[in-house]
2 protein chains.
Amino acid sequence: MRRRPIPEATVGRLPIYLRALLDLAESRGETNVSSDELARLAGVNAAKVRKDLSYLGSYGTRGVGYDVEYLLYQITRELGLTQDWPAAIVGIGNLGRALASYKGFSERGFRITAIFDVDESVIGEEVGGMIVRHLDELKEVVAEMGTSIGIIATPPLAAQEVADKLVDAGVKSILNFAPAVVNVPPDVTVRKVDLSIELQILSFYQQRTQAIATAREANRRLRNQHGAG
Amino acid sequence: MRRRPIPEATVGRLPIYLRALLDLAESRGETNVSSDELARLAGVNAAKVRKDLSYLGSYGTRGVGYDVEYLLYQITRELGLTQDWPAAIVGIGNLGRALASYKGFSERGFRITAIFDVDESVIGEEVGGMIVRHLDELKEVVAEMGTSIGIIATPPLAAQEVADKLVDAGVKSILNFAPAVVNVPPDVTVRKVDLSIELQILSFYQQRTQAIATAREANRRLRNQHGAG
DNA sequence: TAACGCTTGTGAGCGTAATCACAAACCGAA
DNA sequence: TTCGGTTTGTGATTACGCTCACAAGCGTTA
């Protein structure tokens, strides 16, 4: 099965398995795990776990399960987490500051190595142990530090311009928190995290269930009335 | 076509169209837009735009396009954004603070109406114009304010417990920023935003393209050597 | 009114992802 | 070595989403 390309959907779940496995290894010291248990920890079903892992190769043992350490290593390697990918944040507002000190990044081996803004009142300030630099220095700093990931945390209007500068500086992976669509060349990967879109999606489902409940209620009343009349 | 349920994938794009339409209405004062232009603004293709919009009903005019204001209204209504959904944030660390003052929420009509933590040194503090309350007050405050959305911004270990409390308080929509899987009853919707997972996915693709580049390079050298030999 | 250019709405086809279900393989016990 | 219990790996099936391509319908012009 190996060397079929790993499906996107699977790539999205590997980090979840990774975290579950780390928990298992650290807290319980488990050496083995079944697809059933891993599925429970990851909040998916067991068949999906097995199929996902099968894309990496046959790393399980029938009748036994998967060796936690070995699987950890394989997923880590497949995700490219054996090397480190220095990241830079552009836009040091509320969100940028929070990201600069976000512990979840360093825990997964991502180092924020530089932070940028254009606001003179922010430049030179220390945030998360780093000094805020002017965006004009981006290209130079990226080259110097081998930055491979750019994180956009600017207002929406600045996002495209910042993306262009990141691309120009040679960055091939961008995580965009600005609520705006950014266009990049095909060899650059952009992922978008849009906080208010998430709320809007929640709103949709909430409204729908509420509408259903209201309709049921109306129906019930109508039936009762009819039965009574 | 109406009254087929709207596919999840479409729901996820409606907020993007919404934003594009708002931009059109505000900045250009355009009254009409074609699926082609909307597609360009949203970063998708025109057929997808048309199919997505067709789930809402036939709101376009052949040969002309869509009326911006009318479409805006329909999407807003479909997403349930005509009413407001008070939200509460639990966990006032770096991320919680940033979210509490995040302008993107209010711009899309979401109001954060209460913020919670368990750390006594944080309780009582003012963040984003609100006073941090103790998590124990959650149920009471949710009832009082009609809170419908819960935002979890705690460390991973606390996430499940907070989710349980939100569910117990009657919240049906949860946005989870903690890097942990949370389980909820089937009538509750959870959406997850996991920042380090996004970076790990970027890492995967970055590593892959880098591996390809390296392999090409090796191949090239090999061929050259062969040609020379 | 008729003809033409433009844009929507959607059926059909295709590719990807999820799920099912079971043979293959392993371990331990007898 | 054989048997029984267990769990993986994967072909087959189903569901879902995307894209294509074109008929249907609108507005405009003559």
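Since the model is a prediction, treat every value here as computed from it, not as a measurement. Throughout, protein chains are lettered first and strands after them, A, B, ... in sequence-line order, and every chain is numbered starting at 1.
- The CD-C1' distance, from B/Glu8 to D/dA15, rounds to 13 Å in whole Å.
- Using a distance-only test at 3.5 Å, with no hydrogens or angles considered, no donor-acceptor pair links the side chain of A/Asp67 to the main chain of A/Asn32.
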Worksheet entry | Footprint string (nucleotides 20-30 of chain D, 5' to 3'): B base within contact, S backbone only, - free, heavy atoms under 4.0 Å | BB-BBBBS---
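- The only option from A/Thr76, A/Leu41, A/Ile75 that meets the side-chain contact (heavy atoms from CB on, under 4.5 Å) definition with A/Leu21 turns out to be A/Ile75.
- When distances run from any side-chain atom of B/Pro7 to the nucleotides D/dG17, D/dC18, D/dT7, the shortest one goes to D/dG17.
- Look at CG on A/Leu38: it is 15 Å from C1' on D/dG9, rounded to the nearest Å.
- B/Leu71 has its CG atom 14 Å from the C1' atom of C/dG9, to the nearest Å.
- Between the OH atom of A/Tyr59 and the P atom of D/dG9 there is a distance of 11 Å, given to the nearest Å.
- Considering only side-chain N and O atoms, B/Ser35 lies under 4.0 angstrom from the phosphate OP1 or OP2 of C/dT8.
- Contacts classified as side chain to side chain donor-acceptor pair (under 3.5 Å) and involving residues 149-174 of chain A (residues at least two apart or in different chains) are given here: A/Lys139-A/Asp168, A/Gln160-A/Asp164, A/Glu161-A/Lys165, A/Lys172-A/Asp187, A/Ser173-B/Gln206.
- Distance alone, capped at 3.5 Å, is enough to place a donor-acceptor pair between the A/Ser203 side chain and the B/Leu79 backbone.
- If you check the side chains of A/Glu69 and A/Tyr73, you find no donor sitting under 3.5 Å from an acceptor.
- As a whole-Å value, the separation of B/Arg13 CZ from D/dG17 P is 9 Å.
- Judged by distance alone, with hydrogens and angles left aside, the side-chain atoms of A/Glu198 form no donor-acceptor pair with the main-chain N or O of A/Val193 at under 3.5 Å.
- Checking the phosphate oxygens (OP1, OP2) of D/dG9, a side-chain nitrogen or oxygen of A/Tyr66 falls inside 4.0 Å.
- Nucleotide D/dC16 holds its P atom 11 Å from the OH atom of B/Tyr55, rounded to whole Å.
- For B/Ser34 and C/dT7, the shortest distance from a side-chain N or O to OP1 or OP2 is not below 4.0 Å.
- Pairs passing the salt bridge (Lys or Arg N to Asp or Glu O under 4.0 Å) check and including a residue from residues 81-90 of chain A, sequence neighbours excluded, read A/Asp84-A/Arg111.
- Between B/Lys48 and D/dT19 there is a side-chain polar atom (N or O) within less than 4.0 angstrom of OP1 or OP2.
- Summarising the geometry, the separation between CG on A/Asn32 and P on C/dG28 is reported as 11 Å, rounded to the nearest angstrom.
- In this structure, B/Asp52 places its CG atom 10 Å from P of D/dG17, rounding to the nearest Å.
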